Amino acid sequence: MSAHVTYALEGPVALIGLDRADKRNALSEEMIAAIGEAATRAGEEARVGILHSHGEHFSAGLDLAEALRTRDTADRLRPRSRRWHAAFDRIARGPIPFVAALGGAVIGGGLELAAAAHIRVADETAYFALPEAQRGIFVGGGGSVRIQRLLGTARMTDLMLTGRVLRADEAERFNLVQYVTPRGEALARARQLAEGIAANAPLSNHAITSGLPRMPDLSHDDGLFFESLLAAYAAADAGTAGRLRDFVEKRAAPVAPEHSS
Ligand code: 1HE
């Protein structure tokens with residue numbers, strides 16, 4: 001694993017941390033490989049993963065100094081982008097859900113990494129941008145698929161063409177993040193969410209995180225058929241009968257709005 005990526009297992013939750021604050025967590029090739037390895041390990045031993053950062057900034061994206069040093073021909077750059085895809089796919093389409101805790105810069109490849117998580121929590125210091133065109137490059141870590149799905153084509157095009165920077169509240173409005181917290185509280189909120197998710201049935205979690213994102217690629221009819229398979233799969237979880245019994249016999253907590261006591 002890289003010196004710039006930390007890994008910790010806390011009960012059912014695996015924490016993967018970007019740890020290169022002096023370079024604003026710019027993502028080197030070595031870090032991308034380490035993130036992929038850490039995500040695989042998390043999938044093997046945890047029920048939920050958290051992506052977070054050490055320092056104020058989640059990530060300033062692609063390590064531009066390394067990109068300059070290793071500038072090369074298209075036939076060598078394309079496999080590099082594929083390595084980012086492979087690493088981030090282990091988060092987005094692996095066996096467990098991931099929550100990203102964001103603050104400060106969430107830029108370029110940093111936003112692509114965050115978009116691979118299933119839930120994004122940002123504190124109010126977070127800001128989001130895709131300045132690839134200004135650097136003479138393009139997204140290469142899955143952003144044109146994942147970020148476009150979150151934002152929609154028009155908004156992503158606007159961000160990429162103009163270099164527009166979104167604040168956390170705008171990012172929430174634009175569907176990039178699901179929760180905004182006060183400064184410094186994103187990781188605590190992500191932990192709280194992760195604990196709740198870890199208590200769900202694992203097969204339901206898997207159907208949600210690996211099944212749902214595939215649905216937009218399917219026709220209506222294929223989607224409904226796939227849904228019926230997922231429904232049967234999730235209900236085959238070892239804990240399902242007990243969970244249903246707990247509700248019927250009044251041991252399970254009822255659904256209640258957060259503000260009720
Ligand atoms: C970096 C990087 C980086 C900082 N690669 N070294 N990403 C960008 O275009 C964003 C570039 N970064 C910035 O705009 C700013 O650094 C920040 C807004 C993120 C932070 O500003 P600040 O004032 O807190 O820090 P700084 O002084 O600019 O940077 C501190 C150090 O981090 C400095 O190095 P130092 O040796 O002079 O101390 C910076 O050079 C270094 N640093 N960002 C390398 N990105 C798969 S394709 C994805 C394509 C993309 O990601 S494009 C977006 C790239």
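Side chains included, hydrogens not; waters and symmetry mates left out as well; all remaining heavy atoms used. Both counts, for ligands and for their atoms, begin at 1 and track the order of listing. It should be emphasised that the depicted structure is a prediction, and the values quoted were computed from it without experimental measurement.
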> How close does the nearest protein non-hydrogen atom get to atom 2 (C) of ligand 1, and which residue and atom is it?
Replying inline: Ala26 CB, 3.9 Å
> Of the non-hydrogen atoms in Pro131 and Gly108, which two are nearest, and what is the gap between them?
Replying inline: CD-N, 4.1 Å
>> Does either side chain, that of Asp237 or that of Thr240, offer a donor lying less than 3.5 Å from an acceptor on the other one?
In response: no
> Which part of Arg135 is near ligand 1, with near meaning a heavy atom under 4.0 Å away: side chain, backbone, both or neither?
Replying inline: side chain
> So which heavy atom in the protein is nearest atom 25 (O) of ligand 1, and how far is it from that ligand atom?
Replying inline: Arg24 NE, 3.0 Å
> Using a distance-only test with no angle check, is there a side-chain donor-acceptor pair under 3.5 angstrom linking Arg80 and Thr70?
Replying inline: yes
> With a 4.0 Å cut-off on heavy atoms, is Asp22 touching ligand 1?
Replying inline: yes
> Is at least one protein non-hydrogen atom found at under 4.0 angstrom from atom 30 (C) of ligand 1?
Replying inline: yes
> Is ligand 1 under 4.0 Å from a heavy atom in the side chain of Leu27, in the backbone, in both, or in neither?
Replying inline: neither
> Near Gly61, which atoms of ligand 1 are under 4.0 Å from a heavy atom of that residue?
Replying inline: 51 (O)
>> Can you tell whether the side chains of Asp217 and Arg149 come within less than 4.0 Å, N to carboxylate O?
In response: yes
> Which residue owns the protein heavy atom closest to atom 40 (O) of ligand 1, what's the atom, and how far is it?
Replying inline: Lys23 NZ, 5.0 Å
> Any idea which atoms of ligand 1 are less than 4.0 Å away from a heavy-atom of Gly109?
Replying inline: 48 (C), 50 (C), 51 (O)
>> Test your reading of the model: is there a side-chain donor-acceptor pair from Arg47 to the backbone of Asn200, 3.5 Å cut-off?
In response: yes
> Ignoring hydrogens and geometry, is there a side-chain-to-backbone donor-acceptor pair from Gln148 to Ser144 under 3.5 Å?
Replying inline: yes
>> I'd like to check which ligand 1 atoms, numbered from 1 as shown, lie under 4.0 Å from a non-hydrogen atom of Tyr127.
In response: 18 (C)
> Out of Leu111, Leu51, Leu102, Val180, which residue meets the side chain to side chain contact (heavy atoms under 4.5 Å, CB included) rule with Arg120?
Replying inline: Leu102
> Tell me: protein heavy atom nearest atom 12 (N) of ligand 1, and distance?
Replying inline: Ala60 CB, 4.1 Å
> Heavy atom under 4.0 Å from ligand 1: found in Gln134's side chain, backbone, both, or neither?
Replying inline: neither
> Quick one: do the His54 and Thr6 side chains pair a donor with an acceptor below 3.5 Å?
Replying inline: yes
> Any idea which protein heavy atom is nearest atom 49 (C) of ligand 1, and the distance to it?
Replying inline: Glu132 OE2, 3.3 Å
> Going by the order shown, which atoms of ligand 1 are within less than 4.0 Å of some heavy atom of Glu112?
Replying inline: 46 (C), 47 (S), 48 (C)
>> Can you report which non-hydrogen protein atom sits closest to atom 45 (N) of ligand 1, along with the distance?
In response: Leu62 O, 2.9 Å
> For the residue pair Val106 and Ala114, what are the closest heavy atoms and their distance?
Replying inline: CG1-CB, 4.3 Å
